[in-house]
Amino acid sequence: MALLGPQQYPTELLDTTMDQLRTLIVVHETGTALGAARRLGREQSSVQKQLDTMNRTFSGLCGEELVLKQGRGRDALFTATGEALVELARRTLGEWSDGVRDARRRLGRTLSVGTTRYTLGFLLDAVERVTEEFGRDDVDLKVTHVRTGDLFAKLRSKELDLVCGSVVVTEGKEAEVFGPYEVMEWRRSGLSLLTNLPPETLPGTSFHARALPGLPLVVSARGLIDRFLTSWYGPDYGQKLSIAAEIEAAHYGFELLRSGVVSGAMLVTRGIGEAAADGRLPEAGGLRTLELVGEAGPRTEVLVGVFTRRGERGSYAPSHPLNLLWDALSWESGRWWFRS
């Protein structure tokens, strides 16, 4: 199929602006010109004028208006042409936004970093080391909280350029997991138990993984712990273990155990268990820490570190913000006590 040269594009199409495309999308999402005006912070007449202009333009180009007015209080009716062009507008604006972000990333104008709650301190220490350079070069640094389960998805989508966090690795599957990513490994460890059970009920300072089925457990329904247990017991691990409570966030589990509403033990990463035992995690105060020893299935570990897309750092100059921050994180890793 032959491509049109710039001089061959219809003049009416070239007069359509990105702002008009955004308005069309928002009207589609809100249902009315009034709803779009409220979301965009404009007058309804301004939105309606843009709709009228696009209706005239595409009626002439395509033979059908995009949006038909309905009665008062009713949502606008999009024609088949209108529906198709809304999707095209979304793709157009999305691709332009992606292109701008890619250019800013390549030129070192912006850097998007994600961190889990327990690696935030490490990142902030490293950021202090590059603050002067980032300020001098006017780098727009964006720091975002990321859930462990979303870590690689955020890197794949290029929503984030670098992530500090934890992943579960099972023996024999590391190449498969880390193939697309460059990894700065900080620490590997297993799991711990935080418990409110008295020593006479659950004695000692360690607990063997094979005995987990006989212990009432507080378990995170997603994230690292879920992946650990899936590796050991399969996706139906809930039928093989005694689950006293399923939680979404660790802090909720701490509260359950501290309140005494649930009696049992909560599975956590060893870093969190150590922080609780050392008094560095006040929200877990009063709970005992037991190290979980041995394996109940394939050798599985929590790897804490820094992750970025493989090959990207090498394509940039040493002075690029991604490389500067990576180097700062590497320097910090030699002296920082791990909390994940």
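Hydrogens, waters and symmetry mates play no part in the numbers below; they use all other heavy atoms, side chains included. Just so we're clear, the structure is a prediction, and the values are computed from it rather than from any experiment.
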Subject >> Heavy-atom donor-acceptor pair, Ser206 side chain to Glu291 backbone, under 3.5 Å >> reply: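 Judged by distance alone, no pair lies under 3.5 Å.
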Original post:
Does the salt bridge (Lys or Arg N to Asp or Glu O under 4.0 Å) test come out yes or no for Arg187 and Glu274, once each step is laid out?
Top reply: CA-CA 13 Å; Arg187 176 185 184 176; Glu274 291 170 356; 2.8 Å; yes
Qualifying residue, where the test is side-chain contact (heavy atoms from CB on, under 4.5 Å) with [X] and the options are [options]:
X      : options                        : value
Leu215 : Leu197, Leu267, Leu241         : Leu197
Val67  : Leu77, Leu24, Thr79            : Leu24
Ser259 : Leu257, Val261, Val262         : Val261
Arg288 : Leu194, Leu193, Asn196, Leu202 : Leu202

**OP:** Treat each ILVMFWY residue as a node, draw an edge where side-chain heavy atoms are under 4.5 Å apart, and state whether Val130 and Val113 are in one component.
**Re:** yes
Between [Y] and [X], is there a side-chain heavy-atom distance shorter than 4.5 Å?
X      : Y      : answer
Glu29  : Arg39  : yes
Tyr181 : Arg310 : no
Tyr118 : Leu281 : yes
Leu325 : Val127 : yes
Val169 : Lys173 : no
Arg101 : Lys158 : no
Ser166 : Leu303 : no
Leu224 : Thr269 : yes

Under 4.0 Å between a Lys/Arg side-chain N and an Asp/Glu carboxylate O for [X] and [Y]?
X      : Y      : value
Glu283 : Arg258 : no
Asp19  : Arg22  : yes
Lys142 : Asp140 : yes
Glu182 : Arg313 : yes

Checking side-chain polar atoms at under 3.5 Å, does [X] have a donor or acceptor matched by the opposite partner on [Y]?
X      : Y      : result
Ser330 : Ser333 : no
Ser231 : Thr300 : yes
Gln50  : Arg42  : yes

Subject >> Worked check of salt bridge (Lys or Arg N to Asp or Glu O under 4.0 Å) between Arg309 and Asp161 >> reply: CA-CA 7 Å; Arg309 289 177 290 276; Asp161 304 311; 3.0 Å; yes
